[in-house]
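Okay, structure first, notes after.
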Amino acid sequence: MTTRLTRSSADARPPAPVRAVHLGLGAFHRAHQAVHTMADPEWGIAAYTFRNTELPRRLTEQDGLFTLQVRGEGQPEAVIVDAISRAHPGGDTDQWLTDLASPDVALLTLTITEAGYRGHQDGSAIGRVLAGLRGRHRAGGAPIALVPCDNLPGNGGVLREALRTAAAGEAPDFRSWMEDQVSYVDTVVDRITPATTEEDVTTAARLTGFEDRAPVVTEPFSEWLLSGDFPLGRPAWEEAGAWFVDDLSAYAQRKLRFLNGAHTLLAYAGSALGCATVDEAVQHPVLASLTASWWDVAARHTPLPAQELADYRQRLLLRFSSRGVRHNLEQIAADGSQKLPARILPVLRAERAEQRMPEAPVAALAGWLIHLRDRPVSDPRADELVPLARSKDAPRRVLSALDVTLADDGELVSAVGDYVEHLRFPGARTARSRH
């Protein structure tokens, strides 16, 4: 019989004082930022989620502890992570405001997904951050660093602009304080973290001897690059492998295009061809060819040395094909209207400007149309996009909703429409390579 995981049962250190707040409590945060923060025992995290109440309840029962299972090609390894001092549902508004007003809190990290940076009404992620900053200003105006950890190019700048827009009607002295005392840190984050299953709960108990109702599964690889200022200090994240650099732009492009772009391609084209997980998809001959083609095209528009990109894609292929972490394509396929513009479209636009019609991004868009038409859709624009995908002239209408300039490209619209049929009937011809 296993014992419930708590700080006393695991003989863990007491919760660290809260010096960091996180918005977007979920598997990725716990496999990434929380693990890095655990390297510095002087920093504790107050973590918030507005998506559900069950996860913070379970973590509270476990004193913030959870099991991280690291799965490679051998036997999984487990470590108990203790960086979360408190876990809260989004309804704990008073505590949220109290935490962000505290001068002891030096930074706020965010994993709110790409869609979270859109809109700033009350209750939205941006609205919550703005309310927290407003309270901090009123409480004395201690500086703070905001550290977005979502897959957006220049994510610190994206967050800054979202908050500027949200604060347009605020008092001038508050807006001035935001400009002078709030630091926005750009980041590149990378660690594959699939959704947790009941089997993972059983495995956590076997590996640790503790009953853990909130375990996380991840891969051995982890990367965190940061660029920006921390006016009140930060945890020693470098002790867990984080890198601090002056310019992240090239690394952000590399990660978004090579890893996230390939994931998006596999999520849509792979699902259309009957695959369920990333490791299954990269073994499919058509999808393997499309992935290699995508990386070839992306390399033409990523300003890093060719050998560095070649080494990076080789590591990605090993990560994608690992059966230790089985990443569901359905999970990756969420929020396509937010992901495609950052991951696929910049490369496609650059190729079309040079009069090329690359197969891989066409396949990604075609797979997305099939996904919108035939599958359950998790996307902030689902109510708008699903009817378009099921209408006549669907390729042009969906592309127009994504980016009107795409719909003006008749050759591209035709190519996407043709590829929809290719993915529906893959035996009709072999995969093409149009570069």
Side-chain angles (χ1 to χ4, degrees), residues 18-26 29 46-52 88-187 227-232 335 337-339 341-342 379-385 401-404:
V18 170
R19 300 183 65 191
V21 175
H22 181 77
L23 179 58
L25 173 61
H29 165 67
Y48 290 80
T49 176
F50 49 86
R51 292 197 171 194
N52 65 64
H88 299 275
D92 285 358
T93 303
D94 289 344
Q95 187 62 56
W96 165 261
L97 296 175
T98 298
D99 281 338
L100 282 183
S102 170
D104 295 331
V105 168
L107 58 92
L108 168 66
T109 55
L110 303 97
T111 49
I112 57 176
T113 76
E114 292 92 334
Y117 297 84
R118 293 168 56 95
H120 49 78
Q121 65 275 17
D122 291 343
S124 69
I126 297 301
R128 290 167 186 261
V129 174
L130 183 65
L133 293 178
R134 190 187 299 117
R136 189 176 185 90
H137 176 247
R138 290 172 178 167
I144 190 170
L146 305 189
V147 190
C149 300
D150 290 291
N151 291 314
L152 290 165
N155 50 19
V158 171
L159 178 58
R160 177 190 289 111
E161 290 306 311
L163 285 168
R164 280 176 175 168
T165 299
E170 300 284 337
D173 61 331
F174 173 52
R175 297 202 309 271
S176 178
W177 174 82
M178 285 180 59
E179 295 296 325
D180 296 338
Q181 300 298 320
V182 179
S183 171
Y184 299 87
V185 180
D186 284 323
T187 68
S227 178
D229 298 323
F230 295 84
L232 292 185
D335 299 338
S337 68
Q338 314 301 305
K339 293 175 178 177
D379 192 291
R381 298 177 63 188
D383 291 345
E384 169 194 4
L385 292 168
L402 189 64
D403 180 347
V404 68

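Every heavy atom of this structure was used, including side-chain atoms; hydrogens, water molecules and symmetry mates were not.
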Please step through side-chain contact (heavy atoms from CB on, under 4.5 Å) for the pair R128 and W96, ending with a clear verdict.
-> CA-CA 9 Å; R128 290 167 186 261; W96 165 261; 4.2 Å; yes
Heavy-atom closest pair, residues A101 and G135 = CB-O, 4.0 Å
Any chance you could lay out the side-chain contact (heavy atoms from CB on, under 4.5 Å) test for Y184 and V158, step after step, and finish with the verdict?
-> CA-CA 9 Å; Y184 299 87; V158 171; over 6 Å; no
Check whether any side-chain heavy atom of L100 lies under 4.5 Å from a side-chain heavy atom of L133, and answer yes or no.
-> no
Between T187 and N155, a side-chain donor and acceptor under 3.5 Å = yes
Main-chain N/O of Q95 paired to Y48 side chain as donor or acceptor, under 3.5 Å | yes
Counting only heavy atoms not in R118, do more than 12 sit closer than 6.0 Å to its CZ atom?
-> no
Any side-chain heavy-atom pair of P380 and D335 under 4.5 Å = yes
Do any N or O atoms from the side chain of T111 and from the backbone of G24 form a donor-acceptor pair under 3.5 angstrom?
-> yes
Are any non-hydrogen side-chain atoms of Q181 and H137 less than 4.5 angstrom apart?
-> no
Is there a donor-acceptor pair closer than 3.5 Å between any side-chain N or O of D186 and the backbone N or O of S227?
-> no
Only one of V21, L108, D92, D104 passes side chain to side chain contact (heavy atoms under 4.5 Å, CB included) with D99, and that residue is V21
L107 side chain reached by L146 side chain, heavy atoms, under 4.5 Å | no
Can you name the closest pair of heavy atoms from E114 and L152 and give their distance?
-> CG-CD2, 3.7 Å
Heavy-atom closest contact (A342 atom, N151 atom, distance) = CB-O, 4.4 Å
Determine whether I144 and S183 make a side-chain contact, defined as any pair of heavy atoms from C-beta on separated by less than 4.5 Å.
-> no
Check the pair D229, V185 against side-chain contact (heavy atoms from CB on, under 4.5 Å), reporting the backbone distance first and the verdict last.
-> CA-CA 7 Å; D229 298 323; V185 180; over 6 Å; no
Quick one: do the S337 and D379 side chains pair a donor with an acceptor below 3.5 Å?
-> yes
Between F174 and L130, the two heavy atoms sitting closest are CE2-CD1, 3.7 Å
Between Y117 and P148 the two heavy atoms that sit nearest each other are OH-CB, 3.2 Å
What residue among R138, R134, R164 forms salt bridge (Lys or Arg N to Asp or Glu O under 4.0 Å) with E170?
-> R134
Are there more than 12 heavy atoms of other residues, nucleotides or ligands under 6.0 Å from atom CG of D383?
-> no
Nearest 0.5 Å, what's the OG-CG distance between S102 and L97?
-> 12.5 Å
Report yes if the side chains of H120 and T165 come closer than 4.5 Å at any heavy-atom pair, otherwise no.
-> yes
Is any side-chain heavy atom of R136 less than 4.5 Å from a side-chain heavy atom of V105?
-> yes
Output for pair (D150 CG, K339 NZ), nearest 0.5 Å, gives 10.5 Å
Across all chains, not counting sequence neighbours, the side-chain contact (heavy atoms from CB on, under 4.5 Å) partners of A162 are I126
Verify side-chain contact (heavy atoms from CB on, under 4.5 Å) between E179 and R175, making sure each step is shown before the conclusion.
-> CA-CA 6 Å; E179 295 296 325; R175 297 202 309 271; 5.8 Å; no
Considering all heavy atoms of both residues, which atom of A125 and which atom of L23 are nearest to each other, and what is their separation?
-> O-CD2, 4.0 Å
What class does the angle between the rings of H22 and H29 fall in, given that below 30° is parallel, 30 to 60° is tilted and above 60° is perpendicular?
-> parallel
